[in-house]
Amino acid sequence: MASCLFCRIIQGEIPATKVYEDDRLIAFNDINPQAPMHVLVVPKAHVATLNDLEAAHDDLVGAMVRAGAGIAHDRGIADSGYRTVFNCTAGAGQTVFHIHLHVIGGRVMAWPPG
Ligand code: 5GP
Ligand code: ZN
């Protein structure tokens, strides 16, 4: 989607600090980090929200979660703990309508989130 911010990052039209990439996914540092580590794991295919997922996306979403866990492992925070978040629609704080998994860590996480 030409107008989608994350599609533009995937196309290389907007710079981002990539931390992981494979044929289906890209992960890059959040521009406004909420913790020492704040990575967004993003599918290369445009899917606007979790509400748009279909059964055909099951493997893709599994790969997103596993990629996030792998990044946390590589950063040495797998055991100390990290937070994974999908915000779904504006009411939950979604601002970019291309699904993405936030992987946040490197500090103590409070619960419940605001
Ligand atoms: P959401 O609020 O949709 O769950 O998360 C969108 C995230 O994208 C936010 O955490 C925001 O800081 C991040 N973001 C917005 N614009 C950019 C950008 O241009 N580059 C990067 N790397 N992150 C962005
Ligand atoms: Zn997109």
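All ligand and atom numbering here is 1-based and tracks the order in the structure. Just so it is clear, the model here is predicted, and its values are computed rather than measured.
Of the listed options Ile31, Thr95, Thr49, Ile31 places a heavy atom closest to atom 14 (N) of ligand 1.
Taken together through direct or relayed side-chain contacts under 4.5 Å among Ile, Leu, Val, Met, Phe, Trp and Tyr, Leu60 and Phe97 form parts of separate hydrophobic clusters.
With respect to atom 9 (C) of ligand 1, the closest heavy atom belonging to the protein is Asp30 OD2, 3.3 Å. Annotation: atom 16 (N) of ligand 1 to nearest protein heavy atom, Leu5 CD2, 3.3 Å.
Protein N/O/S atoms found under 2.8 Å from the Zn ion (ligand 2): Cys4 SG, Cys7 SG, His46 ND1, His98 ND1.
Residue-ligand proximity, Asn29 to ligand 1, at heavy-atom distances under 4.0 Å covers atoms 22 (N). Residue Gly93 approaches ligand 1 through these ligand atoms, each under 4.0 Å from one of its heavy atoms: 1 (P), 2 (O), 4 (O). In the vicinity of His100, heavy-atom distances shorter than 4.0 Å reach the ligand 1 atoms 1 (P), 3 (O), 4 (O), 5 (O), 6 (C). Within the listing of ligand 1, atoms 12 (O) sit less than 4.0 angstrom from a heavy atom of Asn32.
Listed here is the closest heavy atom pair of Gly106 and Pro36: O-CG, 3.4 Å.
At a threshold of 4.5 Å between non-hydrogen side-chain atoms, the residues Val61 and Leu101 do not count as touching. Taking the side chain as every heavy atom from C-beta outward, His102 and Arg83 never approach each other to under 4.5 Å. Proximity of Val41 to Tyr20: side-chain heavy atoms (C-beta onward) are nowhere separated by under 4.5 Å. Counting only heavy atoms from C-beta outward, the side chains of Lys44 and Glu21 approach each other to under 4.5 Å.
The backbone N or O of Ala45 sits nowhere less than 3.5 Å from a side-chain atom of Arg24 that would complete a donor-acceptor pair.
Under 4.0 Å from ligand 1, not a single heavy atom of Val85 appears. At a 4.0 Å heavy-atom cut-off, ligand 1 does not touch Gln34 at all.
Considering backbone and side-chain N/O of Ala16, none are found under 3.5 Å from N/O of ligand 1.
For the side chain to side chain donor-acceptor pair (under 3.5 Å) condition, the pairs that include at least one residue of residues 46-74, sequence neighbours left out, are His46-His98, Thr49-Asp52.
Taking CG from Leu53 and CZ from Phe86, the interatomic distance works out to 7.5 Å, rounded to the nearest 0.5 Å. Separating the CG atom in Asn87 from the CD1 atom in Ile99 is a distance of 12.5 Å, to the nearest 0.5 Å. Interatomic distance, CD1 of Ile71 versus OG1 of Thr84, reported as 12.0 Å (0.5 Å rounding).
Taking 4.0 Å as the cut-off, Ile14 does not count as a neighbour of ligand 1 on heavy-atom distance. Ligand 1 lies within reach of Phe6, whose nearest heavy atom is under 4.0 Å from it.
Remark: Asp79 CG is loosely packed, at most 12 non-hydrogen atoms of other residues, nucleotides or ligands lying under 6.0 Å away.
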